[in-house]
Amino acid sequence: MTMTAVTEEIKTEKAAAKSSSGKTLWLLAPGVLWMLLFLVLPLAMMLYVSFWTQTTFKIEPTLTLKSWITFFTSDTYLGALWTTVRIWLIVLAATVVVGYPAALFVGLFVKNKTLQTVLLVLCVIPFWTSFLIRVLAWRPMLGKEGAINMILMKIGIISQPIEVLLFSELSVIIGMTQIYCVFMVGPIAFMLGRIDPSIIEAAKDLGAGFWRIFRTIILPLSMPGVVVGAIFVSVMVLGEFATSAALSGRKVNLLGNIIVTQVGSLKWAFAAVAGVVLTILMGAVVAALLRVVDLRKEL
Amino acid sequence: MSAVLQLSNVVKTYGDLRALDGIDLSLPDDSYVSLLGPSGSGKTTLLRVIAGFEPPEGGTIRFSGKDVTNTPPHERNIGFVFQNFALFPHLSVYDNIAFGLVNRAVDPVTDPKLVDRKVRDMISLVGLTGLEGRATTQISGGQKQRVALARTLVTEPQMVLLDEPLGALDANLRARMRSELRMIRERCGVTFLHVTGSETEALAMGDTVLVLDRARIAQQGDSDTIYNRPCSPAVARFLNCYNLFSGKMADGGFATAQGLLGFQGQPQRAADPAYAIRYDRVDIRPAGAAVTGDEVQIEGTFIASEYTGSAVNAFFSLDDGKVFEVEAHLSHRAPENHEPHRRYALAWKREDALVFA
């Protein structure tokens, strides 16, 4: 009697578990629907359109490889692809070089949690102004008669203004590093803040000096933060067009700029090709970065 | 025995709080020292100052003949076993243990064969054979404790500091690790300074027991002396085996809220006067029982008792509301049944009482 009662109970419990997991699946429905409608469908459409036939004034749904062939035989487009990759790598390295020490300071050496939060909020302050203003503010800073050149000339370090500072690849890199650095600092500071201080004390106690501890303990434990930051920065830099348009004087053409121009002149098929190439590039970069660290294990 | 560690007048403050208030201390070489103190008494601070994680504001620390007061922790050669073990989460058991040998700034071991031999010897000494490749998240609490200890011992420190090393383990494992810690220490021949808040652990483990009270060393001695002859009411209170009455010296005894309590011999000098009687020296009798000349008797109402297997602890409420505890060992007698809310006489011999005045 008791036995049957117990089995009955287990059965009801199982049924309850089943129905509850069925119910919880509904929580996913809005997200899945949203992604299908506004991510997967447009991506498929973009791929489809990239094979359409483009003439000067209109586009027809007749499948052809022409746009793809044009893209991969044109120096302009391949050059843009190469510039995108080069600027991405330089900006990524620059954000790590600038961001890691800052994150190390905030996440590890600032013991006070309130101060830590305040410092991280300070990093975000540039985002309180609009993107355009932030980018354009570099012009009076970097220009031929800009602040930097004026100061350097005043104190007599240079006699001629440095022209390469603005409307060059350098200005694009400076602008992008400044804007995206915070996306590197945040995740790294978060990971560093999670390191138990007694682990570092233990390493000290076992006889290791600071650099040794940094290399063997702090750096490996903060790698997930570096990878997450690198993913943020990569995705944003690879898709960039505004910074390069505003700071390069149209000398630096990224894939994003190509897409903007092509769309502007209604060349949808070319724009779609560039879009597909850019999407594949981002996918490959994110996949490669995720290879570096097993985020599921670390986070 | 020569002293391996000597502290003189060490002071450490946090703002207005004096965490260490002039600590003088000398620890013998090759022995097990336990440091007992209630939470907040400064025991962790003391360990951290000795290890070099916190600089003291005053005083000197001499370690194996050298002044190490201003030496950074990685040059002191003092091992530290953390309460939460602080294992390196990204390294395997083997790499955790090898860390100090390979990475220390002073005299690192560069020969991989020598590292391997030392690490494997240590792994077998602490009984971790077969777990070398495991991640630190895949081992139990007791095994983590062993890794933490092995990681420290393999660097051959001249002294090991253990910060409540058994606090994170369950009771069963704690008892087993106690004897194991003592055994490992004997094989290594170094001094262990073991910090604990548990009086039983301190008494059971230490060849020498230090009692820390209000940022000062209150007493230093062997377990037997500490237990039977605590030098102040505070020490008696931490030992958790004395009923204490406050009051003052009077003619023919010690005046307390329970009346005049008699004692024999000279009272010990202490800042706050108190009368102490051990839980297990008290006899429970029916109320109004006769008293012999060498006995002291008070009355109390029985509240409840607690059966611990080898003993029964009975709790009585005295007339002023104070709780009085009596411990009856069951090796010599069967447990007695007392009726709640009934008055009993509590008697003890004058000579068993300790008086501080």
Side-chain angles (χ1 to χ4, degrees), chain A residues 96 100 103-105 107-116 187-230 289-299, chain B residues 44 47-48 50-54 71-92 95-109 122 135-138 144 147-164 168:
Chain A
V96 173
Y100 198 99
L104 195 63
F105 178 77
L108 210 63
F109 293 109
V110 177
K111 304 279 182 217
N112 185 329
K113 287 281 168 201
T114 321
L115 188 59
Q116 240 178 33
I188 298 176
F190 173 75
M191 280 316 284
L192 287 169
R194 285 184 10 151
I195 298 178
D196 180 359
S198 62
I199 284 176
I200 292 163
E201 284 181 346
K204 270 187 212 163
D205 187 69
L206 292 170
F210 176 79
W211 288 109
R212 198 47 95 100
I213 295 176
F214 178 76
R215 197 166 60 79
T216 53
I217 309 287
I218 297 171
L219 191 59
L221 287 178
S222 64
M223 265 327 264
V226 177
V227 167
V228 170
L289 282 169
L290 286 176
R291 279 281 170 108
V292 177
V293 172
D294 184 357
L295 282 184
R296 242 176 316 174
K297 206 180 85 191
E298 303 287 346
L299 290 178
Chain B
T44 298
L47 275 206
R48 292 176 61 82
I50 296 174
F53 298 141
E54 314 265 356
T71 312
H74 66 277
E75 289 167 19
R76 290 199 183 191
N77 203 17
I78 298 178
F80 198 109
V81 177
F82 289 81
Q83 184 173 12
N84 63 356
F85 312 136
L87 301 182
F88 306 127
H90 59 303
L91 298 179
S92 66
D95 289 332
N96 259 280
I97 297 174
F99 183 89
L101 287 179
V102 179
N103 291 307
R104 65 184 170 201
V106 182
D107 191 24
V109 182
M122 190 46 68
T136 53
T137 45
Q138 295 171 320
K144 283 183 192 169
V147 175
L149 193 62
R151 182 179 70 173
T152 301
L153 289 176
V154 79
T155 60
E156 291 164 23
Q158 280 161 286
M159 183 174 165
V160 179
L161 310 172
L162 304 106
D163 187 8
E164 309 213 19

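Just so it is clear: chains get the letters A, B, ... in the order the sequence lines come, proteins before strands, and each one is counted from 1. Values below: all heavy atoms of this structure, side chains included; hydrogens, waters and symmetry mates excluded.
Taking a 6.0 Å sphere around CZ of A/F105, one finds it holds 12 or fewer heavy atoms contributed by other residues, nucleotides or ligands.
Contact count against chain B (heavy-atom pairs under 4.5 Å) is highest for A/A208 among A/G209, A/P197, A/A208.
B/F99 touches chain A through its side chain: at least one heavy atom from C-beta onward sits under 4.5 Å away, while N, CA, C and O do not. Contact annotation for B/L161: neither backbone nor side-chain heavy atoms come within less than 4.5 Å of a heavy atom of chain A.
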Donor-acceptor pairs under 3.5 Å, chain A versus chain B:
unit_1 : atom_1 : unit_2 : atom_2 : d
A/D196 : OD2    : B/N84  : ND2    : 2.9
A/E201 : OE1    : B/R48  : NH1    : 2.8
A/E201 : OE2    : B/R48  : NH1    : 3.4
A/E201 : OE2    : B/R48  : NH2    : 2.5
A/D205 : OD2    : B/F80  : N      : 2.6
A/G207 : O      : B/A105 : N      : 2.6
A/R212 : NH1    : B/N103 : OD1    : 2.5
A/T216 : O      : B/H90  : NE2    : 2.8

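Of the candidates A/I200, A/L221, A/I217, A/I217 is the only one forming a side chain to side chain contact (heavy atoms under 4.5 Å, CB included) with B/F88.
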